[in-house]
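To start, the structure itself, in structure tokens.
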Amino acid sequence: MTGFLTLLYKELLRFWKVGFQTIVAPMVSTLLYLLIFFHVLEAHVEAYPGVAYTAFLIPGLVMMAVIQNAFANASSSMIQSKISGNIVFILLSPLSYHAIFFAYIIASIVRGLLVGLGVYWVTLFFFDIPLAQPVWSILFVVLGSAILSALGLIAGIWADKFDQLAAFQNFIILPLTFLSGVFYTIHSLPAGWQYFSHLNPFFYMIDGFRYGFFGVSDISPYISLSIVAICLVAISMLTIRMLKTGYKLRH
């Protein structure tokens with residue numbers, strides 16, 4: 001337990017020591033999205049009846065900030081440890097692969113939540129955002145950030161160079177995030193795009209998280225929760241398997 005807490009503390013310090021880069025900067029980027037879309041679309045788009053577009057947009061942006069930073073934290077930590085060579089000190093320690101997994105995942109969840117809470121806190125000064133079902137929001141934000149943290153670990157383990165990690169993020173994570181309904185409701189899409197949206201697991205995270213704010217969603221939150229939970233279990237098992245076998249870590 002002491003080893004697990006030590007690794008967790010090290011991972012928390014890793015991003016906290018450069019908080020301006022890892023917390024404040026992504027908050028500013030997300031708020032710029034909000035500023036631009038607010039001025040361009042507020043008067044022209046109504047996603048849900050009676051819900052202003054900006055109010056609709058904010059939960060999506062908060063969730064986007066959480067999952068992207070959870071991914072960035074786990075992936076950057078892992079690949080930096082591999083390239084610098086200090087991963088050997090973790091692998092040679094008596095820590096179990098489960099302890100390593102949970103230390104990385106919890107630290108990444110914390111970073112994602114700090115960024116998301118910061119964005120949400122700032123928006124409260126300017127917009128009235130309801131929170132109809134907070135338990136649903138908490139469930140989806142924790143599970144969603146855990147999934148992206150595990151994906152970050154997979155990407156960090158798989159990638160041998162920073163450009164491979166960038167490719168993973170730019171060609172997989174970003175498209176899935178931007179096409180998940182952060183900026184729109186899928187009911188505004190043609191039938192074909194709606195079908196493809198249902199194949200995107202990120203859609204269920206965003207939609208379920210947004211349900212916690214408005215009590216309205218594109219799909220039943222129970223279905224979304226089931227799919228998100230299944231994805232989390234499957235991706236976590238794959239990540240633990242990679243740690244256990246030492247894939248690209250022990251060669």
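None of these values were measured; they are calculated from a predicted model.
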Item to complete: For the pair R14 (side chain) and N73 (backbone), establish whether a donor and an acceptor sit closer than 3.5 Å, ignoring hydrogens and angles.
Response: yes
Item to complete: Flag the pair L225 / L143 as yes when at least one side-chain heavy-atom distance between them is below 4.5 Å, and no otherwise.
Response: yes
Discussion item. Is there a side-chain contact between I129 and Y120 in this structure, where contact means two heavy atoms from C-beta onward sitting under 4.5 Å apart?
Written reply: yes
Discussion item. So, taking the atom named CD1 in I67 and the one named CE in M205, what distance separates them when rounded to the nearest 0.5 Å?
Written reply: 6.0 Å
Practice prompt. Verify the ring-centre separation between Y222 and W136: is it less than 6.0 angstrom?
Written response: yes
Discussion item. Which heavy atom of D160 sits nearest to which heavy atom of K248, and what is that distance?
Written reply: OD2-NZ, 3.2 Å
Worksheet item: R111 side chain to F15 main-chain N or O, any donor-acceptor pair under 3.5 Å?
Response: no
Discussion item. When you compare the side chains of Q169 and S75, does any donor N or O come within less than 3.5 Å of an acceptor on the partner?
Written reply: no
Practice prompt. First locate atom OG1 of T177, then atom CD1 of I206, and finally report the distance between them rounded to the nearest 0.5 Å.
Written response: 7.0 Å
Worksheet item: With a 4.5 Å limit on heavy-atom distance, are the side chains of L243 and H98 in contact?
Response: no
Worksheet entry | F140/Y204 aromatic ring centres below 6.0 Å | no
Practice prompt. Look at the side chain of E11 and the backbone N and O of L7, then say whether any donor-acceptor pair between them is shorter than 3.5 Å.
Written response: no
Item to complete: Any chance you could measure I58, atom CD1, to Y53, atom OH, to the nearest 0.5 Å?
Response: 11.0 Å
Worksheet, complete the sentence: Heavy-atom closest pair (I147 atom, C231 atom, distance to 0.1 Å) is CD1-CB, 3.9 Å
Fill in: Between S180 and N200: side-chain donor-acceptor atoms closer than 3.5 Å
no
Worksheet entry | F183 and F37 aromatic centres sub-6.0 Å | yes
Practice prompt. Walk me through it: do L179 and F202 pass the test side chain to side chain contact (heavy atoms under 4.5 Å, CB included)?
Written response: CA-CA 8 Å; L179 298 176; F202 289 28; over 6 Å; no
Discussion item. Donor-acceptor pair, distance only, cut-off 3.5 Å: does the side chain of R210 make one with the backbone of G181?
Written reply: yes
Worksheet item: Looking at side-chain heavy atoms only, is the closest gap between M64 and F178 below 4.5 Å?
Response: yes
Worksheet item: Should we say atom OH of Y33 is surrounded by more than 12 heavy atoms from elsewhere, each under 6.0 Å from it?
Response: no
Item to complete: Verify side chain to side chain contact (heavy atoms under 4.5 Å, CB included) between S236 and F101, making sure each step is shown before the conclusion.
Response: CA-CA 9 Å; S236 297; F101 171 79; 3.7 Å; yes
Practice prompt. Would you please classify the geometry between the F168 ring and the W158 ring as parallel, tilted or perpendicular, with 30° and 60° separating the classes?
Written response: tilted
Fill in: Side-chain (S77) to main-chain (A74) donor-acceptor, under 3.5 angstrom
no
Worksheet item: Side chain of S137, backbone of F209: donor and acceptor closer than 3.5 Å?
Response: yes
Worksheet item: Any side-chain heavy atom of F203 within less than 4.5 Å of one from L199?
Response: no
Worksheet entry | Side chain K82, main chain I87, donor-acceptor under 3.5 Å | no
Practice prompt. Treat each ILVMFWY residue as a node, draw an edge where side-chain heavy atoms are under 4.5 Å apart, and state whether V115 and V24 are in one component.
Written response: no
Worksheet item: Does CZ in F196 sit with more than 12 non-hydrogen atoms of other residues, nucleotides or ligands closer than 6.0 Å?
Response: no
Item to complete: Give the C-alpha distance, both sets of side-chain angles, the deciding distance and a yes or no for side chain to side chain contact (heavy atoms under 4.5 Å, CB included) between Y211 and D218.
Response: CA-CA 9 Å; Y211 176 82; D218 290 335; over 6 Å; no
Fill in: Full working for side chain to side chain contact (heavy atoms under 4.5 Å, CB included) between L113 and N69
CA-CA 9 Å; L113 291 180; N69 283 279; over 6 Å; no
Item to complete: Say whether, by atom type as modelled, one donor and one acceptor occur between the side chain of S217 and the main chain of S220 under 3.5 angstrom.
Response: no
Worksheet item: With hydrophobic residues grouped by side-chain heavy-atom distances under 4.5 Å, do L61 and L117 end up in a single group?
Response: no
Practice prompt. Can you establish whether the number of heavy atoms outside D128 located under 6.0 Å from its atom CG is more than 12?
Written response: no
Worksheet item: OH of Y9: more than 12 outside heavy atoms within 6.0 angstrom?
Response: no
Worksheet item: Does the side chain of I173 reach to within under 4.5 Å of the side chain of L148, using non-hydrogen atoms?
Response: yes
Worksheet entry | Where S145 and V66 come nearest, the two heavy atoms and their spacing | CB-CG1, 3.7 Å
Discussion item. With rounding to the nearest 0.5 angstrom, report the CG to OG1 distance, L57 to T123.
Written reply: 10.0 Å
Fill in: Hydrophobic cluster membership, V88 vs Y97, 4.5 Å side-chain cutoff
no
Discussion item. I need the M27 CE to L114 CG distance, nearest 0.5 Å.
Written reply: 9.5 Å
Worksheet item: So which heavy atom on V62 is nearest to which on G116, and how close?
Response: CG1-O, 3.6 Å
Practice prompt. Could you tell me which non-hydrogen atom of F162 sits nearest to which non-hydrogen atom of I79, and how far apart they are?
Written response: CE2-CG2, 3.5 Å
Worksheet item: Quick one: CG on L238 to CG on L153, what's the gap to the nearest 0.5 Å?
Response: 10.5 Å
Response to the item:
Note: N170 and P175 closest approach over all heavy atoms is O-CD, 3.2 Å
Item to complete: Please answer: with hydrophobic residues joined when any side-chain heavy atoms are less than 4.5 Å apart, are L131 and M63 in the same cluster?
Response: yes
Worksheet item: So if you build clusters from Ile, Leu, Val, Met, Phe, Trp, Tyr with side-chain heavy-atom gaps below 4.5 Å, do I219 and W193 land together?
Response: yes
Fill in: F127 atom CZ, over 12 foreign heavy atoms within 6.0 Å
yes
Worksheet item: With no hydrogens and no angle check, is any side-chain donor or acceptor of K10 less than 3.5 Å from a backbone partner on L5?
Response: no
Worksheet item: Just by distance, do the side chain of S29 and the backbone of A25 share a donor-acceptor pair under 3.5 Å?
Response: yes
